[in-house]
Structure formats: structure tokens, C-alpha cells
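Quick caveat: nothing in here was measured; it's all calculated off a predicted structure. Just follow the structure's listing: the first ligand is 1, and inside any ligand the first atom is 1.
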Amino acid sequence: MKPLHKIIIEKDTSFNPIWIMRQAGRYLPEFREIRKKNTNFIELCLNENLSSEITLQPLKRFNLDAAIIFSDILMLPYGLGQNVKFEKDFGPKLGKLDLNEILKIDESHFVKKINRVYNAIKIVSSNPILDNKNMIGFVGAPWTLLVYMINQQSPKKNLKKDFFNDKFLTNKILLIIEKFLKVHIKNQIQSGANIIQIFDSWAGLIDEKDLPEYIYVPTLNLVNYVKSLNVPVICFPREIKNYKEFCDFVKPDVISIDYNVNPKKILKEIKIPVQGGLDPKILLNDKETLKKEATKYLDIFKDHPYIFNLGHGVLPQTDPNMFDYLVKTVKNY
Ligand code: CP3
């Protein structure tokens, strides 16, 4: 059985698997080398030879237990025909959202447009490096994708004031997102993904009263869909106010926690396997601090099914030697 499955299905606490969000990315010089020559990020994601190579880069260096496909949550709006660009020092910029155009897209259009992501998953999952490791596919959660598609850029701290004004549009788009996320999940699994993670990066932005409609119900629908395909599903509702309530409602197989939550409180309240938590900024410190902070999480979750990870993506300024030290600390615990 693959390492993450051992934790999730068998609830094995005798070892500590580790993978890291954004493990394939800018902190690695070999990634920056490829990125320099490929300035269009979407095209890079759609180049299966390069994106499969990038996915495997961290696994060649470090003793990680899973690969996560090098792609982006914004491949979904891209597949739906919305323009998506990544600008240096700005982040994603999306084109105008045209409901009439999106309504013309059917499943075969969508799959054809982003098919090379699935080719990359096939290439990676058939590599012998993956024999004893998991292959993680992922999607953005409906809420976070709705935010990007309507806001057309990162919402940072504030959503457009009139975000919910056009209820007809938001509800219609939410249903379209949900429909195509299922298509995207199904194709990733058919190509070799054996875990799905759902990233809800902007879960913390929503008012409590809107949680059921925009987060709990749509995410539950996706979680049930992944489960129906017999694949475990990890949810990362970043900065959500109440992780316990989220878990009670959505029932993912694993809950990934951000670095603002108290891991002891999570241990007390939540019965399902837990992932992550450590603040990515700790990797910018010295080795002693890193070891101390990583060990804190390992101690707290030593008798609970736990997958080591960070509380958000690894930062671009991280020294790969510190990353290596973290992996070794976890493995030698
Ligand atoms: O984790 C991995 O190694 C897999 C690849 C992955 C990427 N994006 C590659 C990427 C994953 C899982 C994502 C998810 C993603 N993408 C999220 C959810 C997780 C999170 O970070 O909260 C979000 C919100 C996005 C949208 C996105 N993509 C933003 C806001 C940005 C710009 C911000 C930034 O970090 O530069 C991206 C670009 C992006 N996606 C990069 C990578 C490696 C950086 C690209 C580059 O400029 O080289």
C-alpha cells in the first residue's frame, strides 16, 4: 500500500509520511532554470514533457512520499475559455467572465483544452520513482475558483464590494464550476492520480452565514464524488474559522490545516487524519528552530494519523538545504 493510503485507510501511526505544498516550484534552481525559458506559465503547465519533469524534480532531491502534479487550480477557468495569465510580481490575471461563452463549453471541449495535464499525470505516475509513492491530483474548491473567476485576480484581503450582488451569476457559475471540477477530477484519476486534494485558499474570506451555500455544500458534493471513485480526498480550507464544523459537514478523508490554527485544539476536536500546519516561514530560520518547530507537530500528532506538510506553500526564498533538513527531521523522528 502507498504511504498516504496507509495513513488514510489503515490509520497507521507508526511512520511519518511527508510531502510539501508547492514542492515543485520557485525555491528550486532547476525549476527556475526551466521557468526562465518558459515565460508563459499556462503553456508550461500544458507542456507534458516539462511539467512532468518539474513534478519529479523534488522527488529526485528529497525523500518525499508523494508527487503533486505541476499544474494550477486556474486551469479550470482556462479550460472553460476564460483568459488566464500570470504576471510577474502580480500573480494571476483573469479575463472578463462571459457566462454566454462559458455556457457553450461542453465536456469534450474542456478536456481537449487541458488534456496535456492528464498526459503529464500519465507520464509521472508510470515513472518507477512513484512505485512506492502517491500521485496527488488536485483542484481548487468551488468557492476559491468563484472568487478568482469573478474577482479576476487574487482577492488578497478584500473581495469586490459588489461580489454577491449578482446572485444569478454567482449561483450559475458555481454550478458550472462544480460540474467541470468533477470532469477534471475524473480525468486526473483515470490518468493515475490516487489522492485528490481540494485547495480552498480563500475559505477564510467568507462570512459565517454564507458558509453552507458557498463552501460546505459545494465541497461536500465534490468530496462525495471523489469518494465514489474510491480515491481518498484531502481538504485544505485555508483559514476557515471553524475546522471542526467544516469536517463534521464535509467529511473529507484528511483535513489539511493552516499555520494559524492551534494543532492541539485540532487534535482534541478532530478524529479524522490530519495534514500540515507548520508555518512555511520557519524554513527561513536556522536548523535548530526548524527542528524544534517540526518536532512540535510530530509530538502533538504522534498517536494520530498525520501527514507532514506545511500550513501553506513553501516560500520561493526557501533554501533547498533547509527543505532537505526538514524532510530528514521528519523521517528520522
Ligand atoms: O504544489 C505543487 O507543487 C503543485 C503545483 C501547484 C501550483 N499551484 C503551481 C504554481 C499547486 C497545487 C497550485 C495551487 C494553487 N494555485 C492555489 C492553491 C494553493 C495556494 O497557494 O493557496 C492557488 C490559489 C493558485 C493560484 C495561483 N497560481 C497564484 C495565486 C499564483 C501566483 C502566486 C505565486 O505564488 O506566484 C500561481 C502561480 C503558481 N502556481 C506558481 C507555481 C509553482 C508560481 C509560478 C511562477 O511564477 O513560477
Can you name the atoms of ligand 1, numbered from 1 with element, that are less than 4.0 Å from a heavy atom of Ala24? 3 (O), 43 (C)
What is the closest protein heavy atom to atom 21 (O) of ligand 1, and at what distance does it sit? His312 NE2, 3.2 Å
Heavy-atom count check: over 12 atoms from other residues, nucleotides or ligands less than 6.0 Å from Asn132 CG? no
In terms of heavy-atom contacts, does NZ of Lys172 have more than 12 from other residues, nucleotides or ligands at under 6.0 Å? no
Would you please test Cys235 and Asp200 for side-chain contact (heavy atoms from CB on, under 4.5 Å) and show each step? CA-CA 8 Å; Cys235 281; Asp200 211 347; over 6 Å; no
Min over Lys88, Arg26, Gln23 of heavy-atom distance to atom 44 (C) of ligand 1 lands on Arg26
Closer than 4.0 Å to some heavy atom of Phe70 - which atoms of ligand 1 meet that? 43 (C)
Among all protein heavy atoms in this structure, tell me which lies nearest to atom 7 (C) of ligand 1, with the distance rounded to 0.1 Å. Ser71 O, 3.2 Å
Between Glu293 and Lys281, is there a side-chain N and carboxylate O pair less than 4.0 Å apart? no
Please determine if Lys6 forms a cation-pi arrangement with Phe15, meaning its NZ or CZ atom is less than 6.0 Å from the six-membered ring centre and no more than 45° off the ring axis. yes
Would you call the rings of Tyr306 and Phe301 parallel, tilted or perpendicular, where under 30° means parallel and over 60° means perpendicular? parallel
Mark up the atoms of ligand 1 that fall under 4.0 Å of a heavy atom belonging to Phe86, in ascending order. 27 (C), 28 (N), 31 (C), 37 (C), 38 (C)
Under a 4.0 Å threshold between the charged nitrogen and the carboxylate oxygen, would Glu288 count as salt-bridged to Lys292? no
Residue and atom name of the nearest protein heavy atom (relative to atom 14 (C) of ligand 1), distance in Å to one decimal: Ile73 CG2, 3.8 Å
Would you mind checking which non-hydrogen protein atom is closest to atom 15 (C) of ligand 1, with the distance to 0.1 Å? Arg22 NH2, 3.5 Å
Looking only at distance, does Leu74 have an N or O less than 3.5 Å from an N or O of ligand 1? no
Examine ligand 1 and decide if any of its atoms is less than 4.0 Å from a heavy atom belonging to Trp202. no
At the 4.0 Å heavy-atom cut-off, does Phe236 count as touching ligand 1? no
Mind checking whether Asp72 has an N or O less than 3.5 Å away from an N or O of ligand 1? yes
Among all protein heavy atoms in this structure, tell me which lies nearest to atom 45 (C) of ligand 1, with the distance rounded to 0.1 Å. Phe41 CE1, 3.4 Å
Could you check Glu30 against Arg61 for salt bridge (charged side-chain N to carboxylate O under 4.0 Å, His left out), going step by step and ending with a plain yes or no? CA-CA 11 Å; Glu30 57 271 36; Arg61 272 184 182 249; 2.6 Å; yes
Under 3.5 Å side-chain donor-acceptor pair for Gln275 and Trp19: yes
Numbering the atoms of ligand 1 from 1, which are under 4.0 Å from a heavy atom of Ile68? 1 (O), 2 (C), 3 (O), 4 (C), 12 (C)
So which heavy atom in the protein is nearest atom 22 (O) of ligand 1, and how far is it from that ligand atom? Ser201 OG, 2.6 Å
Charged N-O contact under 4.0 Å between Asp65 and Lys331: yes
Phe31 heavy atoms, cut-off 4.0 Å: which ligand 1 atoms fall inside? 48 (O)
Contact with ligand 1 for Ile69, non-hydrogen, under 4.0 angstrom: yes
What's the shortest distance from atom 32 (C) of ligand 1 to any protein heavy atom, and which residue and atom give it? Pro92 CD, 3.8 Å
Residue and atom name of the nearest protein heavy atom (relative to atom 11 (C) of ligand 1), distance in Å to one decimal: Phe138 CZ, 3.6 Å
Do the charged groups of Lys60 and Glu53 touch, with an N to O distance under 4.0 Å? no
Checking side-chain polar atoms at under 3.5 Å, does Glu245 have a donor or acceptor matched by the opposite partner on Tyr216? yes
